[in-house]
Amino acid sequence: MNLLFANDRRGTYPPSLYAETRTPLPDFPEQRGEERADVVIVGGGYTGLSAALHLAEAGLDVMLLEAHRMGFGASGRNGGQLGSGQRLEVDDLEKMAGRETARRLWDMAEEAKALTRDLAARSGVPVADGIAHAFRKPGEYDHARGMIEKLARDYAYDRIEALDRDAFRALVPSDAYVAGELDHGAGHLHPLNLALGMARLADAAGARLREMSHVHHIRHGQRAGEKSIVQTHKGRVFCDHVILAANGYLGHLDMKVAARVMPINNFIVATAPLGARAAEVLTRDIGVHDTKFVVNYWRLDPEGRLIFGGGENVSYRFPADIAAKVRGPLLEIYPGLADVELTHAWGGTLAITMNRMPCFARPAPNCLSASGFSGHGVALATLSGKLMAQAVQGQAQGFDTMAALPSRPFPGGGMFRWPMLVAGMSWYSLRDRLGF
């Protein structure tokens, strides 16, 4: 069995609150026989759908190949938080790439947020404003106040509000945190409906979307004018350009990228609607995440259900009891919810990099890849698709800015990186439990 699909039923969405409440989308056909396209995109999540939409709107003949259903992977199973900035803070980006590039990266992230909000609006997907960051230690609050000042002064972003213990507890009624901040420019949404909305837009623009079309081999053209051949189980597609947008499901399609991008699983639960008890969780319609290495994140949906994510593992196999794995961190934050039923529990495979910045690469002369969004992909993955669409058309400035960032392989490379990461994650999880 292909481990990429060990936890998933082919042809259906894995059970989750998002799958249960999604806006229906008709199936798209499989890829069969021999076909041709200007561009073939591998992966039907935010990255691939954004690329397909922007290429189709530019008049190119584009085919997107998805092994399951559109939005099947991390795009349809994540926490739904539309965050600001890159995965790294701007001071870390300045150390990595210099102040000028750090400012460019911040501006690109703001563009990503605006693009995602626009596509959500075009798709009829509501976006609720506000994401809070919960601090476990006083030093984190002190650092955050300095960063808020820096963002306002040097990056023209003044939408983050520092909240001391009392102000934060009035917003997030938990004794687990000493303070926090609230980003009024960030937001949260139904992630699967965003992906399905983007699929509708791409389809309407003329992109040829293909589901149940697992790509198992790509032969890249190496000389000018030589076509690439993308092989599926039931056919193949000849094309001029290939875009890899499979993220944590890339598998062995490109081992150079795989050495730099690590698939990991994250887990989420949802409760029944809480009614008046929703005020025990949040007093405003915002999303929250904290500062643990294995981050906890949560929000309320429009019906008042708590959607809470926590816990990770480094395998394509999920725990037998996801709810039990996530209930522990949930009750550390909200012990008063011990009697609340968890009605849904699911997992998803995302991808991280060594430096937690996306990995942009050119694996072959006519191939582009973007992946490894490290839990910050709702906006950045959507922008990545647009950047690759622009690069195919000869406008590669944005893509090249991202590709120029250092991207180290994991120890052990593509084949042996998992044991090293398991050891590292175990160490940081221990630090979380000990309160470091």
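The basis for the numbers below is simple: all heavy atoms, side chains too, and nothing from hydrogens, waters or symmetry mates.
No donor-acceptor pair closer than 3.5 Å links the side chain of Glu181 to the backbone N or O of Ala162. In this structure a side-chain-to-backbone donor-acceptor pair under 3.5 Å is present from Glu211 to Phe28. Side-chain N or O atoms of Glu66 include one that pairs as donor or acceptor with a backbone N or O of His68 at under 3.5 Å. With Ser75 contributing its side chain and Gly73 its backbone, the two residues share no donor-acceptor pair below 3.5 Å. A donor-acceptor pair is defined here as one N or O able to donate and one able to accept, closer than 3.5 Å; no such pair exists between the side chain of Thr353 and the backbone of Cys359. Formation of a donor-acceptor pair under 3.5 Å by the Ser374 side chain with backbone atoms of Gly372 is found in this model. At distances below 3.5 Å, at least one donor-acceptor pair connects side-chain atoms of Asp290 with backbone N or O atoms of Asn296. Of the possible donor and acceptor atoms, one in the side chain of Arg77 sits under 3.5 Å from a partner among the backbone N and O of Phe72. The backbone N or O of Phe318 sits nowhere less than 3.5 Å from a side-chain atom of Asn265 that would complete a donor-acceptor pair. A donor-acceptor pair under 3.5 Å is formed between the side chain of Lys113 and the backbone N or O of Gly185.
Ring pair Trp106/Tyr155 is perpendicular by interplanar angle, where above 60° counts as perpendicular and below 30° as parallel. Ring orientation note: the planes of Trp298 and Phe308 are close to parallel, at an angle under 30° on the 30°/60° scale. Taking the six-membered ring where tryptophan is involved, the planes of His216 and His214 are perpendicular, since the angle between them exceeds 60° and thus also 30°.
Taking the side chain as every heavy atom from C-beta outward, His184 and Glu161 approach each other to under 4.5 Å. Counting heavy atoms from C-beta outward, Arg408 and Arg260 have side chains that stay 4.5 Å or more apart. The side-chain heavy atoms of Met262 and Phe410, taken from C-beta on, include a pair separated by under 4.5 Å. Using a 4.5 Å cut-off on side-chain heavy atoms (C-beta onward), Glu20 and Tyr13 make no contact. Side-chain contact check for His217 versus Thr232: every heavy-atom pair is 4.5 Å or farther apart. Counting only heavy atoms from C-beta outward, the side chains of Ser84 and Glu110 approach each other to under 4.5 Å. The shortest distance between side-chain heavy atoms of Val378 and Gln81 does not fall below 4.5 Å. Considering only heavy atoms from C-beta on, Val392 comes within 4.5 Å of Leu368 through its side chain.
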Verdict with reasoning, Glu111 to Leu383, per side-chain contact (heavy atoms from CB on, under 4.5 Å): CA-CA 8 Å; Glu111 179 188 351; Leu383 178 66; 3.7 Å; yes

Stepwise salt bridge (Lys or Arg N to Asp or Glu O under 4.0 Å) test for Lys137 and Asp142: CA-CA 9 Å; Lys137 295 175 285 188; Asp142 295 338; over 6 Å; no

Leu337 vs Val281, side-chain contact (heavy atoms from CB on, under 4.5 Å): CA-CA, chis, key distance, verdict: CA-CA 9 Å; Leu337 297 184; Val281 176; 3.8 Å; yes

Verdict with supporting geometry, Tyr297 and Asn266, side-chain hydrogen bond (donor to acceptor under 3.5 Å, both in side chains): CA-CA 11 Å; Tyr297 52 92; Asn266 196 259; 2.2 Å; yes

Working for side-chain contact (heavy atoms from CB on, under 4.5 Å), residues Val230 and Cys239: CA-CA 8 Å; Val230 181; Cys239 61; 4.2 Å; yes

side-chain hydrogen bond (donor to acceptor under 3.5 Å, both in side chains) assessment of His54 paired with Gln393: CA-CA 10 Å; His54 287 97; Gln393 299 171 76; over 6 Å; no

Criterion side-chain contact (heavy atoms from CB on, under 4.5 Å) on Ile307 and Leu300, from CA distance to verdict: CA-CA 6 Å; Ile307 301 173; Leu300 296 169; over 6 Å; no

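Annotation: Phe135 is in aromatic contact with His133 [ring centroid separation under 6.0 Å]. Proximity of the aromatic rings of Phe267 and Trp346 is defined here by a centroid distance below 6.0 angstrom, and this criterion is not met.
To the nearest 0.5 Å, the span separating OG on Ser384 from CG on Leu115 amounts to 10.0 Å. The distance from atom CZ of Arg87 to atom CZ of Arg356, rounded to the nearest 0.5 Å, is 6.5 Å. Note: Leu282 CG to Leu171 CG = 7.0 Å, rounded to the nearest 0.5 Å. The structure places OG of Ser123 at 9.0 Å from CG of Leu196, a figure rounded to the nearest 0.5 Å. Atom OG1 of Thr21 is separated from atom NE2 of His190 by 3.0 Å, given to the nearest 0.5 angstrom. With rounding to the nearest 0.5 Å, the separation of OG in Ser228 from CD in Gln222 is 8.0 Å.
Closest non-hydrogen pair, Val257 versus Ser371, comes out as CG1-OG, 3.8 Å. The shortest heavy-atom contact between Ser50 and Thr382 is OG-O, 2.7 Å. When all heavy atoms are compared, the tightest approach of Tyr46 to Gly377 is CD1-O, 4.1 Å. Smallest separation of non-hydrogen atoms from Pro335 and Glu332: CD-O, 4.3 Å. Residue Val40 comes nearest to Leu65 through the heavy atom pair CG1-CD1, 3.8 Å, listed as atom of the first residue, atom of the second, then distance. Smallest separation of non-hydrogen atoms from Asp285 and Ala128: OD2-CB, 3.5 Å.
Of the charged side-chain nitrogens involved, at least one lies within less than 4.0 Å of a carboxylate oxygen, so that Glu94 and Lys150 count as a salt-bridged pair. Using a cut-off of 4.0 Å between Lys/Arg side-chain N and Asp/Glu carboxylate O, Arg103 and Glu100 are scored as not salt-bridged.
When each of Arg299, Arg159, Arg117, Arg284 is tested with Asp129 by the rule salt bridge (charged side-chain N to carboxylate O under 4.0 Å, His left out), just one qualifies, namely Arg117.
Looking at Tyr157 and Asp107, their side chains never bring a donor and an acceptor atom within 3.5 Å of each other.
With sequence neighbours left out, Pro138 forms a side chain to side chain contact (heavy atoms under 4.5 Å, CB included) with Val178.
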